[in-house]
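The block underneath contains the structure these notes are about, expressed in structure tokens.
Values below: all heavy atoms of this structure, side chains included; hydrogens, waters and symmetry mates excluded.
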Amino acid sequence: MIPVTVEGLRKRYGQVEALRDVTLEFEAGRLSAILGPSGCGKTTLLRSIAGFVSVDAGAVHFADEDVTAMPPQGRGTAMVFQNYALWPHMTVFDNVAYGLRLRRVAAPEIRRRVLDALALVEIGDVEAIARRKPGALSGGQQQRVALARALVVEPRVLLLDEPLSNLDAKVRQRLRVEVRRLQRRVNITTIYVTHDQEEALAIADRVVLLHAGQVVQSGAPEDVYRRPASVFAADFLGVGTRFEGRAEAGSLHVAGHRLPYDGGARGPVLVVVRSSDVTLEPREATASQSALVGRVEERLFLGAFYRHYVRVGDTLLMADSPEPVGEGPVTVRVAPDRLRVYEDTER
């Protein structure tokens, strides 16, 4: 197990700064998820660690070794790609064995390690599947082959670039658990890129949130989700609605309503309300109730809950509930400690 450290990484593509002074340490033997919207620099960071992208400034260290100028094949990493990158004309066995053959490993050792790797990813009948070609496999099985091919070379660092995004929802849910179990079993330093916040929160020991090429927050999944450090983090994580407001001692003015507030922000603020933190009551509140007043305009059934779209002033607020609330006036309640309030520096 080795830690991976990046220091002051910068990368520019024309006028676009893909990475802006990114400094991070990925702990040895842990699974770190790099999370963020499209274009935030996730894949550029991963490929910089792999050596596929040469950075404009900064350094990459594997433990105490500076690998910044080292070619990809010298770094001892293995990458699993979004599209699996399996050779369709080769059998599963030959796909997994490819890296070992490049290293001139003896044939008996190749066979042992390939079959062990396929068994490790729990692909099923190892001997039978090893003889098939990728086109005869399901998407989930192909992803397992890609994982086996990465693990069979015993890399120092495992890199995964949105490996489950091409799978359907049920397979993705099942495989994310197995990726997590597999990582714990092999105990390898793993860096996992995804745009799916649920996936990142579910499987990672640590979540790194990127925005516009910069790290905006990093920490344990529970901390990043429950205590977002910025309005971007609060807005990106979970399903939320953003309001403009004004904070003063003891009160928060939002959408023409006054709510109790004991936080430290003063003046213009941005308030993020997560859909899971809202309680709807099918009647109109009075001003003394310290609640928002709204009107349900639409309702969607999402299986485990209903998502309501409530007009509050000029804003359409999302609110989740296990039971449906009919269209019409409602009281919108949010516990004061669930209001995420940030100073609005742009106003």
Residue [X] excluded, over 12 heavy atoms near [atom1] under 6.0 Å:
X      : atom1 : answer
Arg226 : CZ    : no
Arg156 : CZ    : yes
Asp337 : CG    : yes
Arg185 : CZ    : yes

Counting only N and O atoms by type, is there a donor-acceptor contact under 3.5 Å from the side chain of [X] to the main-chain atoms of [Y]?
X      : Y      : value
Ser321 : Pro324 : no
Arg174 : Ala169 : no
Ser251 : Leu259 : no
Arg295 : Val312 : no
Thr68  : Val60  : yes
Thr315 : Gly313 : no
Gln173 : Lys170 : no
His308 : Val325 : yes
His211 : Phe232 : no
Arg75  : Ile49  : yes

Any carboxylate oxygen within less than 4.0 angstrom of a Lys/Arg side-chain nitrogen, looking at [X] and [Y]?
X      : Y      : answer
Arg111 : Glu127 : yes
Glu122 : Arg144 : no
Arg274 : Asp320 : no
Asp235 : Arg242 : yes
Asp168 : Arg172 : no
Arg103 : Glu109 : no
Asp277 : Arg333 : no
Glu343 : Arg266 : no
Arg181 : Glu178 : no
Asp161 : Lys42  : no

Supply the atom-to-atom distance [X] [atom1] to [Y] [atom2], rounded to the nearest 0.5 angstrom.
X      : Y      : atom1 : atom2 : answer
Met1   : Ile188 : CE    : CD1   : 11.0 Å
Ile191 : Arg30  : CD1   : CZ    : 13.5 Å
Asp56  : Glu17  : CG    : CD    : 9.5 Å
Glu25  : Ser32  : CD    : OG    : 9.5 Å
Arg20  : Arg12  : CZ    : CZ    : 9.0 Å
Gln143 : Leu137 : CD    : CG    : 12.0 Å

Min side-chain heavy-atom separation [X]-[Y] under 4.5 Å:
X      : Y      : answer
Asn95  : Pro134 : yes
Leu175 : Val177 : no
Leu316 : Val310 : no
Leu160 : Leu158 : yes
Arg258 : Leu252 : no
Arg101 : Asp94  : yes
Val145 : Leu86  : yes

Would you say [Y] ends up clustered with [X] if hydrophobic residues are merged whenever their side chains have heavy atoms under 4.5 Å apart, either directly or through other cluster members?
X      : Y      : value
Ile203 : Leu35  : no
Met318 : Val278 : no
Val53  : Leu19  : no
Leu209 : Val215 : no
Ile34  : Phe62  : yes

Any donor-acceptor N or O pair under 3.5 Å, side chains [X], [Y]:
X      : Y      : result
Glu162 : His195 : yes
Glu7   : Thr23  : no
Asp196 : Thr194 : no
Tyr225 : Gln197 : no

Can you name the nearest heavy-atom pair linking [X] to [Y], along with the distance?
X      : Y      : result
Tyr261 : Gly264 : OH-N, 3.5 Å
Leu339 : Val273 : CD2-CG2, 3.9 Å
Val330 : Pro282 : CG1-CA, 3.9 Å
Pro88  : Lys133 : O-CD, 3.7 Å
Ser48  : Leu9   : CB-CD1, 4.2 Å
Thr331 : Ala291 : CG2-CB, 3.7 Å

- Check step by step if side chain to side chain contact (heavy atoms under 4.5 Å, CB included) holds for Leu31 and Gln183. CA-CA 7 Å; Leu31 193 160; Gln183 189 275 333; 3.8 Å; yes
- Message: Check the orientation of Tyr98 and Trp87. Use parallel for under 30°, tilted for 30 to 60°, and perpendicular for over 60°.
- Response: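 Because their plane-to-plane angle lies in the 30° to 60° range, the rings of Tyr98 and Trp87 count as tilted.
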- Message: Over 60° means perpendicular and under 30° means parallel, so tell me whether Phe301 and Tyr306 are parallel, tilted or perpendicular.
- Response: tilted
- Does the pair Arg180 and Asp205 meet the rule for a salt bridge (charged side-chain N to carboxylate O under 4.0 Å, His left out), with working shown? CA-CA 10 Å; Arg180 178 62 176 152; Asp205 297 302; 2.6 Å; yes
- Message: Before you tell me yes or no, could you show the steps for Leu24 and Val22 under side chain to side chain contact (heavy atoms under 4.5 Å, CB included), namely the whole-Å CA-CA distance, both residues' side-chain angles and the distance that decides it to 0.1 Å?
- Response: CA-CA 7 Å; Leu24 287 166; Val22 173; 4.0 Å; yes
- Query: Should Met79 and Phe52 be marked as a side chain to side chain contact (heavy atoms under 4.5 Å, CB included) after you check the CA-CA gap, both sets of side-chain angles, and the distance that decides it?
  - Reply: CA-CA 11 Å; Met79 183 174 281; Phe52 297 143; 3.8 Å; yes
- Task: Check the pair Glu198 / Arg176 against side chain to side chain contact (heavy atoms under 4.5 Å, CB included), numbers first and verdict last.
- Result: CA-CA 10 Å; Glu198 183 180 286; Arg176 70 172 56 148; 2.8 Å; yes
